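Heads up: the structure comes next, in structure tokens.
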Amino acid sequence: MVVKVMQINSGQKFGGVSSMIFNFYKNVDHEKIQFDFVAPKISSFSMYRREIEEMGGSIIELQTSGNFIKRKLQFFKRLTHLIKRKKYDVVHINSGSIFLNIQVSWIAHFCGVKKIITHSHNAGNDHELLVLLTKLCKPLLEFGPTDYFACSNLAAKFMFTKKRVHNKNYQVINNGVDVQKFKFNIDDRQKYREKLSIQGKVVLLHVGRFTSAKNHQKLINIFKCFHTLVPNSVLLLAGEGELEESIHNQVEQLKLQDSVLFLGLRKDIAELMSTSDMFILPSFYEGLPVVGIEAQTNGLPCVFSDSITKEVDLNDKENLFLSLELSDQKWAKKIEDMLVNSSFELRYEAYKNILKKGYSLVTVGKILEKIYLNE
């Protein structure tokens, strides 16, 4: 008998969590476990619709619309109908929003789902009011879920009650990555540098949706300072999002058009990492960034903001955590110094450290399979 799992998240843009879930689905035994990828409106997995359907899964978009009240009524009605019709064995909520976790877990509970997993992937919010509401709503998440997962202890602290965190009554599930896919490849490096016409350049990389949490504005200002120090440098930006146009404008105002490449939503992040010399992530907050694990698998030296949990620090000799209070000039100088002192040869062996520390997709996948199958 095949275990039917609903994977539900609220994001409409494909990001690190979506990537991890999709890669796990690719490697799961489809004769034992099948996924439905469900979204309240538009699914972030649409770009992989053909591959998902070929593996026996499906993408289900509830397509809610209208004002807030109307959307919520549609969501409750359509999700309830879907769960009852499909008779899911597991509902796995992969969202940084406590509100979605509460809604889905309650609906699943009342529909009789036996295993309901709330999975925190976030450690902050753009709006102070939402941060406050998250704190107030934590007790409501104590009703509904059967299992409590978090990608990091910081993500658990953000979403779960103080009592649950204090008693460690939750499970940290590492953000697994496809180690073989993301390990450094010199052939990809040469091919992509030629393809992007950046041979001989110092290449900085950022991967992330264009949202305020990712702090692209500071990233561009940092690169402006770095480009002054290292004129032979380029910045690659992979991703899309609502703030992309404003960042385009900032790049034009700083006259960096020839040195900042907007690459859009990509399926070749691993190749872009092999192409690059350093990974930069100055986010205001992260649960535990999947892309940070991928970058370290590739052996990229990484510069993170110190608001990101240190749990992401798997290659400590090659990573740096900097305060967002530091000036852009100091960030740029630290990046330059780190590049000078980094060892290119270490990139070939970096993936072994990720394997050893339990962040391989295979390792994490086996843990999730056992949970889904109640083994």
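Computed from a prediction, not measured in an experiment: that's the story for all the values here.
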Cluster check L320, L229: I/L/V/M/F/W/Y, side chain < 4.5 angstrom: yes
Does the S342 side chain pair with the main chain of L339, one donor and one acceptor, at a distance under 3.5 Å? yes
Separation of N175 CG from E311 CD (nearest 0.5 Å): 10.5 Å
Neighbour count above 12 (heavy atom, 6.0 Å) for K366 NZ: no
May I ask you to test the T309-N153 pair for a side-chain heavy-atom distance under 4.5 Å? no
Where the side chain of S43 meets the backbone of A39, is there a donor-acceptor pair that is under 3.5 Å apart? no
Return each pair, listed once, that meets side chain to side chain donor-acceptor pair (under 3.5 Å) where at least one residue sits in residues 182-194; pairs must be two or more places apart or across chains. Q180-K183, R189-D277, Y192-D268, R193-D277
Taking the six-membered ring for Trp, are H119 and H92 parallel (under 30°), tilted (30 to 60°) or perpendicular (over 60°)? parallel
Got a sec, which pairs hit side chain to side chain donor-acceptor pair (under 3.5 Å) with one end in residues 66-76, sequence neighbours left out? K72-Q103
Scanning both residues in full, the closest heavy-atom pair of L141 with Y148 reads O-OH, 2.7 Å
Please determine whether a side-chain nitrogen of the Lys or Arg among E51 and K267 lies less than 4.0 Å from a carboxylate oxygen of the Asp or Glu. yes
What do the steps show when you test L237 against I220 for side chain to side chain contact (heavy atoms under 4.5 Å, CB included), and what is the final call? CA-CA 10 Å; L237 299 176; I220 299 302; 4.1 Å; yes
Would you say that more than 12 heavy atoms from the other residues, nucleotides or ligands in this model lie under 6.0 Å from the NZ of K334, or not? no
Taking CD in E245 as the centre, count heavy atoms belonging to other residues, nucleotides or ligands within less than 6.0 Å. Is the count above 12? no
Hydrophobic cluster of L73, others only, ordered by chain and residue number, side-chain cut-off 4.5 Å: F68, I69
Between the main-chain N or O of I21 and the side-chain N or O of N94, is there a donor-acceptor pair closer than 3.5 Å? no
Evaluate side-chain hydrogen bond (donor to acceptor under 3.5 Å, both in side chains) for S44 paired with S18, printing each intermediate quantity in order. CA-CA 7 Å; S44 60; S18 300; 3.0 Å; yes
Quick one, L235 with V251, criterion side chain to side chain contact (heavy atoms under 4.5 Å, CB included). Give me CA distance, side-chain angles, the key distance, then yes/no. CA-CA 11 Å; L235 172 64; V251 167; over 6 Å; no
Would you say N101's side chain and S95's backbone share a donor-acceptor pair under 3.5 angstrom? yes
Test side chain to side chain contact (heavy atoms under 4.5 Å, CB included) on F24 and L361; report intermediate values, then the result. CA-CA 7 Å; F24 169 57; L361 190 66; 4.1 Å; yes
Sort and list the pairs that fulfil salt bridge (charged side-chain N to carboxylate O under 4.0 Å, His left out) and have at least one residue in residues 211-234, not counting sequence neighbours. K214-E286, K218-D328
Is there any salt bridge (charged side-chain N to carboxylate O under 4.0 Å, His left out) pair reaching into residues 288-300, and which pairs are they, with sequence neighbours excluded? none
Side chains of F110 and T80 in contact at under 4.5 Å (non-hydrogen atoms): no
Scan residues 153-180 for pairs that pass salt bridge (charged side-chain N to carboxylate O under 4.0 Å, His left out), counting only residues two or more places apart or in two chains. E142-R164
I want to check something: taking the side chain as every heavy atom from C-beta on, are I335 and V230 in contact at a cut-off of under 4.5 Å? no
Looking only at heavy atoms, the pair that brings C302 and M338 closest together is O-CE, 3.6 Å
Would a 4.5 Å heavy-atom cut-off, applied to side chains only, mark D36 and L82 as touching? no
Counting only heavy atoms not in H30, do more than 12 fall under 6.0 Å of its NE2? yes
Short question: side chain of N315, backbone of Q296 - any donor-acceptor pair under 3.5 Å? yes
Is it the case that more than 12 heavy atoms not belonging to E31 sit under 6.0 Å from its CD atom? no
In this structure, CD1 of I117 is separated from OG1 of T146 (nearest 0.5 Å) by 6.5 Å
Where the side chain of W331 meets the backbone of S323, is there a donor-acceptor pair that is under 3.5 Å apart? yes
ILVMFWY network linking I102 to L133, side-chain heavy atoms under 4.5 angstrom: yes
Assign the ring pair F143 / W106 to parallel, tilted or perpendicular, where the plane angle (0 to 90°) is split at 30° and 60°. perpendicular
SB check K333 E336 (cutoff 4.0 Å): yes
Would you say the side chain of Y348 lies within less than 4.5 Å of the side chain of I186, judging by non-hydrogen atoms? yes
For Y351 and L355, what are the C-alpha separation, side-chain angles and deciding distance, and is it a side chain to side chain contact (heavy atoms under 4.5 Å, CB included)? CA-CA 6 Å; Y351 74 95; L355 285 170; 3.9 Å; yes
Heavy-atom donor-acceptor pair, N319 side chain to D313 backbone, under 3.5 Å: no
Test side-chain hydrogen bond (donor to acceptor under 3.5 Å, both in side chains) on N122 and S97; report intermediate values, then the result. CA-CA 8 Å; N122 209 349; S97 165; over 6 Å; no
Are the side chains of I98 and K138 in touch, meaning some heavy atoms are under 4.5 Å apart? yes
Test your reading of the model: is there a side-chain donor-acceptor pair from Y372 to the backbone of K32, 3.5 Å cut-off? no
Would you say Q199 has more than 12 foreign heavy atoms packed within less than 6.0 Å of its CD? yes
Counting heavy atoms not belonging to E242, are there more than 12 under 6.0 Å from its CD? yes
Test item: V91 and S105 side chains (from C-beta on) under 4.5 Å apart, heavy atoms: no
Give, for atom CZ of F279 and atom CG of L272, the distance between the pair rounded to the nearest 0.5 Å. 11.5 Å
Derivation of the ring pair (Phe, Tyr, Trp, His ring centres under 6.0 Å) call for F37 and Y25: CA-CA 10 Å; F37 297 85; Y25 180 61; 5.4 Å; yes
Of the non-hydrogen atoms in G287 and A155, which two are nearest, and what is the gap between them? CA-CB, 4.2 Å
Measuring centre to centre across the rings, with the benzene-like ring taken for any Trp, is F184 within less than 6.0 Å of F344? yes
Are L265 and F45 grouped together when hydrophobic residues (ILVMFWY) are joined by side-chain heavy atoms under 4.5 angstrom apart? yes
Ignoring hydrogens and angles, tell me if any N or O in the side chain of N353 forms a donor-acceptor pair with the backbone of L314 under 3.5 Å. yes
Shortest non-hydrogen contact from L300 toward S276: CD2-O, 3.4 Å
Please walk me through it: do F210 and H216 pass ring pair (Phe, Tyr, Trp, His ring centres under 6.0 Å)? CA-CA 7 Å; F210 285 85; H216 284 87; 4.2 Å; yes
Verify, without hydrogens or angle tests, whether Q34 (side chain) and M55 (backbone) share a donor-acceptor contact under 3.5 angstrom. yes
Using a 4.5 Å cut-off on heavy atoms from C-beta on, say whether the side chain of I33 contacts that of L373. yes
Just how far is it from atom NZ of K87 to atom SG of C111, taken to the nearest 0.5 Å? 11.0 Å
